[in-house]
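We count residues from 1, following the sequence as given. Values in this document were obtained by computation on a predicted structure and should not be read as measured data.
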Amino acid sequence: MLGDLNTRADFSRSFWKRLTARPALAFFFIALLVYNLNLRPISSGDTAPAALLPFTVLLDHTITFDSYVPWLQQRYGGAAYFFYESGGHFYSKYPILQPVLLTPLYTPLLLFPNIRHWSPEKTVLLARGLEKIAASLVAACSVAFFFVLASRLVNRRSAALLTVIYAFATSTWSTSSQALWQHGMSELMIILSLLCLDRFLDDGAGLAACAGAGLFAALSVAMRPTNILFLTVSFAVVLFVTHHRRLLASYAFFGCLTGSAIVAYNLRVFGNLRGGYSQPLDGDFWSGFLGLLFSPACGLFFFSPVLLFVSVALFAWLHSGAVWKRSLYAVCLLFPAAHVLLYSKWPVWWAGDSYGTRFMTDVAPCLTILLIPGFALLRRSKPMQTAFATLVAYSIFVQFVGAFSYPRGDWNNTPVHASEHPDRFWAWADNPIRRSIGN
């Protein structure tokens, strides 16, 4: 028995040594563990199609949801809003590339032939459980690649701090890792594109990095349509700072290829270019702008206050005399700016029934990267270090509350339509964080 214990201890030490020698891999496993510690999915009707699509592809060989609609219609009070009927069939109202790419993870289900005869209720229950595992895997992958990206920009210790912030102090934890929203794969594609772009521009890496920059930027749009802003901004920055024909051709080729596929699918299923997103951008700009950033119900700086330090970092960067030294910083600044401007006009800028600042999740990698120019100021100021550490700790706490306690307190089931109850989003004494803690 003692020999077995020693063998296990040696294995554990060896495994940990290998992990620490590969910090990106270590961050993957740590993030995956933390994301699943709450032992529950935090799903939504919005994520139902993504959770079920791997089942329809593997078991029914289709991307339609006809066999599940009757039960789900009943479950959602006769309004399964996340489906769209076209040609007598029901399709996901949202982009489908993410669940299609994740379908191979579900192939072990084929080892159980009886699953084909399960009731819709039983299948949906299993799908919701597996959804959490798939979402946490995607989010953990984004964390690992974020560390690789950050390590190219700063020393390993600072890269580790940035990765902790990205993984646990933003809605990557409370949103992306908990259910198959579009945001997790969106973040992963954006990080991969930035990584390839930096390798090509700074290292002179070959055709693979060049193609990857354009491919992943284009795929980010397929994951979440609003990432057309990321593709456009990154292409514009590349066009401004470089004359590499390969890189420009990569963005143009993959952008056109992916765009053509999206347009073809949207026209075939929805009969329009925008797909399931038919709402006009007619919201009140200032209400949306201030709410997205400062609202105690879903404001970015209320749920991830560490990102307030981005303003300090930007000041340092713009006064450094090396504004264009890193093209990535320009992309990481312009994309969130354009993103905020767009969603400020979105009529449901608060993102419906979800925790915190969900609509700002896609820009979390870029905003975290933008903290880097401020590290020089941190090293010179003890009070600033203390303030920064406090903001990091509080941001992690807020995301912890979302992962372990939301949606206690039933905040989302009270009237929240902005045009009728705008005060709900500015109730400092009654917000989702306080409700989740206090109930």
Side-chain angles (χ1 to χ4, degrees), residues 22-32 35 97-98 101-102 135-154 156 158-173 175-177 181-203 205 208-224 226-231 233-235 237-238 250-251 254 258 304 307 310 326-336 339 360-372:
R22 297 174 176 82
L25 189 62
F27 269 115
F28 170 81
F29 283 110
I30 291 170
L32 187 64
Y35 291 160
L97 183 58
Q98 175 181 229
L101 292 179
L102 292 175
S136 61
L137 282 169
V138 171
C141 282
S142 78
V143 170
F145 282 108
F146 182 89
F147 175 81
V148 176
L149 173 61
S151 296
R152 295 183 53 80
L153 306 174
V154 289
R156 183 168 288 192
S158 297
L161 173 60
L162 287 167
T163 305
V164 168
I165 292 171
Y166 166 69
F168 307 118
T170 72
S171 48
T172 302
W173 184 4
T175 298
S176 296
S177 73
W181 299 97
Q182 302 161 37
H183 310 289
M185 193 69 81
S186 166
E187 290 177 293
L188 178 58
M189 295 299 108
I190 288 170
I191 291 168
L192 290 173
S193 179
L194 292 173
L195 178 59
C196 290
L197 180 61
D198 193 63
R199 289 191 65 238
F200 184 79
L201 293 179
D202 272 39
D203 294 353
C210 172
L215 172 63
F216 293 121
L219 285 177
S220 75
V221 183
M223 301 304 167
R224 189 156 178 80
T226 51
N227 286 337
I228 187 67
L229 298 174
F230 174 77
L231 176 64
V233 163
S234 57
F235 180 73
V237 170
V238 165
S250 167
Y251 273 86
F254 287 113
T258 305
S304 293
L307 297 179
V310 168
R326 282 282 185 181
S327 303
L328 254 62
Y329 292 165
V331 176
C332 289
L333 171 61
L334 295 175
F335 171 49
H339 188 88
M360 297 298 290
T361 304
D362 307 275
V363 300
C366 293
L367 291 175
T368 308
I369 289 296
L370 284 180
L371 293 171
I372 292 174

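When side chains are defined from C-beta on, Leu194 counts as touching Cys332, because their heavy atoms get closer than 4.5 Å. For the pair Ser186 and Phe230, the minimum side-chain heavy-atom distance is 4.5 Å or more.
Put simply, the side chain of Thr361 never gets that close to the backbone of Ser171: no donor and acceptor are under 3.5 Å apart. Under a 3.5 Å cut-off, the side chain of Gln98 and the backbone N or O of His183 do not form any donor-acceptor pair. Not one N or O on the side chain of Tyr35 forms a donor-acceptor pair closer than 3.5 Å with the backbone of Leu137.
With sequence neighbours excluded, the residues forming a side-chain contact (heavy atoms from CB on, under 4.5 Å) with Leu97 are Leu101, Leu219, Ala222, Met223, listed by chain and number. With sequence neighbours excluded, the residues that form a side chain to side chain donor-acceptor pair (under 3.5 Å) with Ser158 are Asn155. Ile372 is linked by a side-chain contact (heavy atoms from CB on, under 4.5 Å) to Leu153, Val154, Leu162, Tyr329, Ile369, counting only residues two or more places apart in sequence or in another chain. Among residues two or more places apart in sequence or in another chain, the side chain to side chain donor-acceptor pair (under 3.5 Å) test is passed with Ser176 by Glu187. Under the side chain to side chain donor-acceptor pair (under 3.5 Å) criterion, Thr175 pairs with no residue at all, not counting sequence neighbours. Judged as a side-chain contact (heavy atoms from CB on, under 4.5 Å), and not counting sequence neighbours, the contacts of Leu229 are Phe335, Ala338, Leu342. Considering only residues two or more places apart in sequence or on other chains, Ser234 meets the side chain to side chain donor-acceptor pair (under 3.5 Å) condition with none of them.
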- Please assess Met185 against Leu102 for the test side-chain contact (heavy atoms from CB on, under 4.5 Å), listing each intermediate value before the final yes or no. CA-CA 10 Å; Met185 193 69 81; Leu102 292 175; 4.2 Å; yes
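Pairing each heavy atom of Ser136 with each of Leu32, the nearest pair is OG-CD1, 3.5 Å. Listed here is the closest heavy atom pair of Ala169 and Ser304: O-OG, 2.8 Å. Among all heavy-atom pairs drawn from Leu231 and Ala218, the shortest one is CD1-N, 4.1 Å. The shortest heavy-atom contact between Ile190 and Asp362 is CD1-O, 3.6 Å.
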Indicate every side-chain donor-acceptor pair of residues 140-150 with a distance under 3.5 Å to a residue at least two apart or in another chain.
| residue | atom | partner | partner atom | Å |
| --- | --- | --- | --- | --- |
| Ser142 | OG | Ala139 | O | 2.6 |
| Ser142 | OG | Tyr166 | OH | 2.8 |

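Rounding to the nearest 0.5 angstrom, the gap separating the OG1 atom in Thr170 from the CZ atom in Phe168 is 10.0 Å. Between atom SG of residue Cys366 and atom CD1 of residue Ile191 there is a gap of 8.5 Å, rounded to the nearest 0.5 Å. Atom OG of residue Ser220 and atom CG of residue Leu215 lie 10.0 Å apart, to the nearest 0.5 angstrom. A distance of 4.5 Å separates OH of Tyr251 from CG of Leu197, quoted to the nearest 0.5 Å. Expressed to the nearest 0.5 Å, how far CG of Leu307 lies from CG of Leu370 amounts to 9.5 Å. Within the model, atoms CD1 of Ile228 and OG1 of Thr258 stand 9.5 Å from one another, a figure rounded to the nearest 0.5 Å.
Pairs engaging residues 142-153 under the salt bridge (Lys or Arg N to Asp or Glu O under 4.0 Å) rule: Arg152-Asp198, Arg152-Asp203 [sequence neighbours left out].
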